[in-house]
Amino acid sequence: QVQLVESGGGLVQAGGSLRLSCAASGGTFSRYVMGWFRQAPGKERDFVAAISWSGGGTYYADSVKGRFTISRDNAKNTVYLQMNSLKPEDTAVYYCAAHFGSVIGTTMALYPYWGQGTQVTVSS
């Protein structure tokens, strides 16, 4: 069983940056594809970014491409989401997710393990 704990959320002005972290425990972290999703108030949870086991493969939603960077440190069992040039529409609860497989997927159903989420609020 994998446990995921997100941190690093907060309030930031538009144009600012934040780095989210997701610490994993209870599994072989280096064998999990890791993903970030977000859910804005009143909206569905959407895919943001995902990264392969080694970190050599990444995939981003069009809405964050060029602004967000996903990375991982397998020695620390941690995945990161560096968010730059933040916009008010990036405001959401951000969730970390994991699945034991090789597909760098964008659908929630692929990921059986989820964290509790961290709030990111971008003011205009």
Side-chain angles (χ1 to χ4, degrees):
Q1 188 73 12
V2 177
Q3 291 83 45
L4 304 173
V5 179
E6 302 95 335
S7 61
L11 174 64
V12 64
Q13 288 189 331
S17 298
L18 281 175
R19 189 176 81 154
L20 305 183
S21 299
C22 173
S25 61
T28 306
F29 180 74
S30 61
R31 298 308 304 270
Y32 285 87
V33 170
M34 302 297 297
W36 286 97
F37 290 75
R38 66 185 181 185
Q39 188 166 18
K43 295 188 177 181
E44 295 184 348
R45 194 171 299 187
D46 291 330
F47 170 78
V48 175
I51 189 167
S52 64
W53 300 339
S54 67
T58 57
Y59 192 78
Y60 296 91
D62 288 342
S63 58
V64 307
K65 203 172 293 183
R67 300 188 299 122
F68 291 11
T69 302
I70 188 171
S71 62
R72 66 191 295 162
D73 185 337
N74 287 344
K76 295 183 177 180
N77 288 359
T78 302
V79 63
Y80 305 97
L81 186 68
Q82 177 66 45
M83 305 186 295
N84 298 329
S85 302
L86 282 161
K87 305 174 181 180
E89 50 263 45
D90 294 318
T91 295
V93 177
Y94 282 71
Y95 296 90
C96 173
H99 83 86
F100 184 67
S102 60
V103 175
I104 307 175
T106 64
T107 57
M108 287 180 55
L110 186 63
Y111 295 83
Y113 306 111
W114 291 83
Q116 293 301 305
T118 185
Q119 176 71 47
V120 171
T121 303
V122 184
S123 63
S124 56

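Side chains included, hydrogens not; waters and symmetry mates left out as well; all remaining heavy atoms used. Residues: numbered from 1 along the sequence shown.
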On a heavy-atom basis, which atom in [X] and which in [Y] lie closest, and how many Å separate them?
| X | Y | answer |
| --- | --- | --- |
| S124 | P88 | CB-CG, 3.8 Å |
| W36 | I70 | CD1-CD1, 3.6 Å |
| L4 | A98 | CD1-N, 3.9 Å |
| V93 | G117 | CG1-CA, 3.8 Å |
| Y59 | I104 | CB-CG2, 3.9 Å |

Side chains of [X] and [Y] in contact at under 4.5 Å (non-hydrogen atoms):
| X | Y | value |
| --- | --- | --- |
| V48 | D46 | no |
| M34 | Y80 | no |
| Q39 | E44 | no |
| F68 | L86 | yes |
| T118 | Y95 | no |
| Y32 | V2 | yes |

Checking [X] now: which residues fulfil side chain to side chain contact (heavy atoms under 4.5 Å, CB included) with it, not counting sequence neighbours?
| X | value |
| --- | --- |
| V120 | L18, L20, M83, Y94, V122 |
| T69 | Y60, Q82 |
| A40 | K43, A92 |
| Q1 | Q3, Y113 |

List in chain and number order the residues that pass side chain to side chain donor-acceptor pair (under 3.5 Å) with [X], two or more places apart in sequence or in another chain; answer none if no residue qualifies.
| X | result |
| --- | --- |
| T121 | Q119 |
| S30 | none |
| Q116 | none |

>> Restricting to ring-ring contact (aromatic ring centres under 6.0 Å, His included), what partner residues turn up for Y111, sequence neighbours left out?
In response: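 With sequence neighbours excluded, Y111 shows a ring-ring contact (aromatic ring centres under 6.0 Å, His included) to F37, H99, given in chain and number order.
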>> Show me the pairs that pass disulfide bond (SG atoms under 2.5 Å apart) and involve residues 23-74, at least two apart or across chains.
In response: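 Qualifying pairs: none.
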> So which pairs with a foot in residues 39-124 pass disulfide bond (SG atoms under 2.5 Å apart), sequence neighbours left out?
Replying inline: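 Applying disulfide bond (SG atoms under 2.5 Å apart) to every pair that reaches into residues 39-124, excluding sequence neighbours, yields C22-C96.
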> Does any pair with a residue in residues 76-96 pass salt bridge (charged side-chain N to carboxylate O under 4.0 Å, His left out), and if so which ones, sequence neighbours excluded?
Replying inline: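 Every pair satisfying salt bridge (charged side-chain N to carboxylate O under 4.0 Å, His left out) with a residue in residues 76-96: R38-D90, R67-D90.
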>> Hydrogens and angles aside, do D73 and T78 bring a side-chain donor and acceptor to less than 3.5 Å of each other?
In response: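 The answer is no; no qualifying pair exists.
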Only distances under 3.5 Å count here; give the side-chain donor-acceptor pairs of residues 50-58 to other protein atoms, sequence neighbours excluded, each with its distance to 0.1 Å.
residue, atom, partner, partner atom, Å
S52, OG, G55, N, 3.4
S52, OG, G56, N, 3.4
S52, OG, G57, N, 2.9
S52, OG, G57, O, 3.4
W53, NE1, R31, O, 3.0
W53, NE1, G101, O, 2.5
S54, OG, G56, N, 3.1

> Are L81 and V5 connected, step by step, through hydrophobic side chains (Ile, Leu, Val, Met, Phe, Trp, Tyr) whose heavy atoms are closer than 4.5 Å?
Replying inline: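 Different hydrophobic clusters.
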